[in-house]
Amino acid sequence: MTRVPSIGFLFALMAAQETNATSVSKTGVRDENIYYVLNPDKNLAKTQKRLEGAFQQMSIEKGLVGEQPSLDKMQKVLSEMDTYIYCGHGDGRKNLPTQEIEKINIRAVPLLFGCNSGRLNKFARALDPIGTASSYLIATAPCVLGFLWSVTDRDLDKWTEGFLKYWLGKGDGPQETNFVRAVANRRSNFDRIINSAATVVYGLPIVSAKIVK
């Protein structure tokens with residue numbers, strides 16, 4: 001299952017995906033349209049070592065390692081690519097504030113492999129909880145993967161590699177192209193149950209990876 005903040009969000013997301021002929025929910029996720037940002041703050045050397053080789057092995061060739069992307073670059077990635085993979089601390093807002101996210105007509109599926117990246121915070125009694133995931137949905141991203149609290153990097157890196165291979169068909173085993181079903185099927189592959197419980201998807205359960213033959 002996925003989460004949406006309200007029925008209003010659900011209606012708006014469905015309308016946006018149905019009226020956009022080039023939405024990723026209709027084209028599917030293609031290898032050449034995946035972009036990643038790995039260790040942008042240069043303080044996750046072990047994560048970079050573990051995942052840089054894994055991305056190369058999976059033929060995910062477009063991305064940045066050990067470097068912060070510019071705002072212009074991220075606007076282009078989110079509006080044109082099929083999937084955006086973030087592997088770093090938090091939710092990747094250092095060069096991409098939420099107010100800038102909400103200005104983009106987002107096409108890509110954001111996969112935010114960082115602590116608290118899917119967390120929503122309540123700031124006042126009369127206001128609904130909000131977070132980075134909310135901003136991505138406001139910008140019509142079809143769905144967003146995140147984590148509700150802090151997770152351990154070694155376990156998360158191992159899960160990230162295994163999940164991407166399973167969803168994108170890059171491993172030796174079977175492929176599950178449906179994004180939400182792939183997340184659900186792989187949640188038990190974390191070594192620690194606390195990390196599994198933190199995994200969350202917001203948005204519509206309609207995005208699939210292109211089947212690799």
Side-chain angles (χ1 to χ4, degrees), residues 1-3 29 34-60 62-69 74 77-78 81-96 108-121 131-133 135-136 141 143-173 175-176 178-203 205 207 209:
M1 68 175 63
T2 65
R3 300 182 182 192
V29 172
I34 300 173
Y35 191 90
Y36 67 87
V37 173
L38 174 59
N39 188 24
D41 294 318
K42 300 181 182 179
N43 53 10
L44 289 172
K46 292 182 179 179
T47 290
Q48 179 175 326
K49 183 178 180 180
R50 285 189 285 259
L51 292 180
E52 188 172 11
F55 288 155
Q56 293 174 354
Q57 182 185 18
M58 289 185 276
S59 300
I60 302 175
K62 297 178 181 178
L64 286 176
V65 180
E67 183 180 345
Q68 285 285 353
M74 285 309 306
V77 166
L78 291 171
M81 303 299 281
D82 295 341
T83 300
Y84 162 55
I85 301 173
Y86 171 78
C87 300
H89 287 299
D91 50 19
R93 287 188 298 165
K94 190 167 186 177
N95 282 359
L96 188 64
V109 177
L111 309 183
L112 308 178
F113 295 105
C115 296
N116 304 298
S117 55
R119 183 176 179 177
L120 303 183
N121 297 294
T132 301
S135 295
Y136 277 112
C143 52
V144 184
L145 171 70
F147 294 84
L148 296 175
W149 49 76
S150 296
V151 290
T152 53
D153 59 348
R154 183 175 182 179
D155 198 11
L156 178 58
D157 297 343
K158 174 187 172 184
W159 188 84
T160 298
E161 179 181 355
F163 165 73
L164 290 174
K165 287 181 176 179
Y166 178 60
W167 179 46
L168 300 173
K170 301 294 186 177
D172 297 329
Q175 178 186 12
E176 174 51 69
N178 181 278
F179 174 67
V180 176
R181 192 175 296 123
V183 173
N185 290 350
R186 285 300 190 221
R187 283 187 69 177
S188 61
N189 285 32
F190 280 102
D191 291 333
R192 298 187 177 187
I193 192 171
I194 194 71
N195 297 333
S196 172
T199 312
V200 64
V201 177
Y202 295 93
V207 174

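All of these numbers come straight from a predicted model, not from anything done at the bench.
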Q.
The test is side chain to side chain contact (heavy atoms under 4.5 Å, CB included); show your working for Phe55 and Val65 and say whether it passes.
A. CA-CA 11 Å; Phe55 288 155; Val65 180; over 6 Å; no
Q: Please check if the side chain of Ser117 supplies one atom and the backbone of Leu112 the other of a donor-acceptor pair under 3.5 Å.
A: yes
Q.
Keeping Asn116 on the side-chain end and Arg119 on the backbone end, is there a donor-acceptor pair under 3.5 Å?
A. no
Where is the tightest heavy-atom contact between [X] and [Y], given as atom of each residue plus distance?
{"X": "Cys143", "Y": "Phe179", "value": "SG-CD2, 3.7 Å"}
{"X": "Asp41", "Y": "Gln68", "value": "OD1-NE2, 2.7 Å"}
{"X": "Ala209", "Y": "Gln175", "value": "CB-NE2, 4.0 Å"}
{"X": "Asn39", "Y": "Asn43", "value": "OD1-N, 3.0 Å"}
{"X": "Trp159", "Y": "Val183", "value": "CZ2-O, 4.3 Å"}
{"X": "Val151", "Y": "Ala198", "value": "CG1-CB, 3.9 Å"}

Quick check for you: to the nearest 0.5 Å, what is the distance between [X] atom [atom1] and [Y] atom [atom2]?
{"X": "Ile85", "Y": "Leu38", "atom1": "CD1", "atom2": "CG", "value": "10.0 Å"}
{"X": "Phe163", "Y": "Glu176", "atom1": "CZ", "atom2": "CD", "value": "10.0 Å"}
{"X": "Leu120", "Y": "Tyr202", "atom1": "CG", "atom2": "OH", "value": "3.5 Å"}
{"X": "Ile34", "Y": "Thr83", "atom1": "CD1", "atom2": "OG1", "value": "5.0 Å"}
{"X": "Ser150", "Y": "Ile194", "atom1": "OG", "atom2": "CD1", "value": "10.5 Å"}
{"X": "Thr160", "Y": "Tyr36", "atom1": "OG1", "atom2": "OH", "value": "14.0 Å"}

Q.
So, using salt bridge (Lys or Arg N to Asp or Glu O under 4.0 Å) as the criterion, who are the partners of Arg3 when residues are at least two apart?
A. none
(Q) Just to verify, what does Asp155 make a salt bridge (Lys or Arg N to Asp or Glu O under 4.0 Å) with, not counting sequence neighbours? (A) none
Q: With sequence neighbours left out, write down each residue that passes side-chain hydrogen bond (donor to acceptor under 3.5 Å, both in side chains) with Glu52, or none if nothing qualifies.
A: none
Q | side-chain hydrogen bond (donor to acceptor under 3.5 Å, both in side chains) against Ser196, all qualifying residues, sequence neighbours excluded | A | none
Q | Residue pair Leu164, Leu111: steps toward the side chain to side chain contact (heavy atoms under 4.5 Å, CB included) verdict | A | CA-CA 10 Å; Leu164 290 174; Leu111 309 183; 4.0 Å; yes
Q: Measure up the Tyr86 and Tyr84 rings against each other and bin them: parallel (under 30°), tilted (30 to 60°), perpendicular (over 60°).
A: tilted
Q) Parallel, tilted or perpendicular for Phe147 and Phe113, by the 30°/60° rule? A) tilted
Q) Does Gln57 have any side chain to side chain contact (heavy atoms under 4.5 Å, CB included) partners at least two apart in sequence or in another chain, and if so, which? A) Glu161, Lys165
Q | Non-neighbouring partners of Arg50 that pass side chain to side chain contact (heavy atoms under 4.5 Å, CB included), sequence neighbours left out | A | Lys46, Thr47, Asp153, Arg154, Asp157
Q: Please determine which of Asp91, Val144, Leu96 meets the side chain to side chain contact (heavy atoms under 4.5 Å, CB included) test together with Thr132.
A: Asp91
**Q.** Close side-chain approach of Leu145 to Val109, heavy-atom, < 4.5 Å
**A.** no
Q. Do Val37 and Val77 come close enough that some side-chain heavy atom pair is under 4.5 Å?
A. no
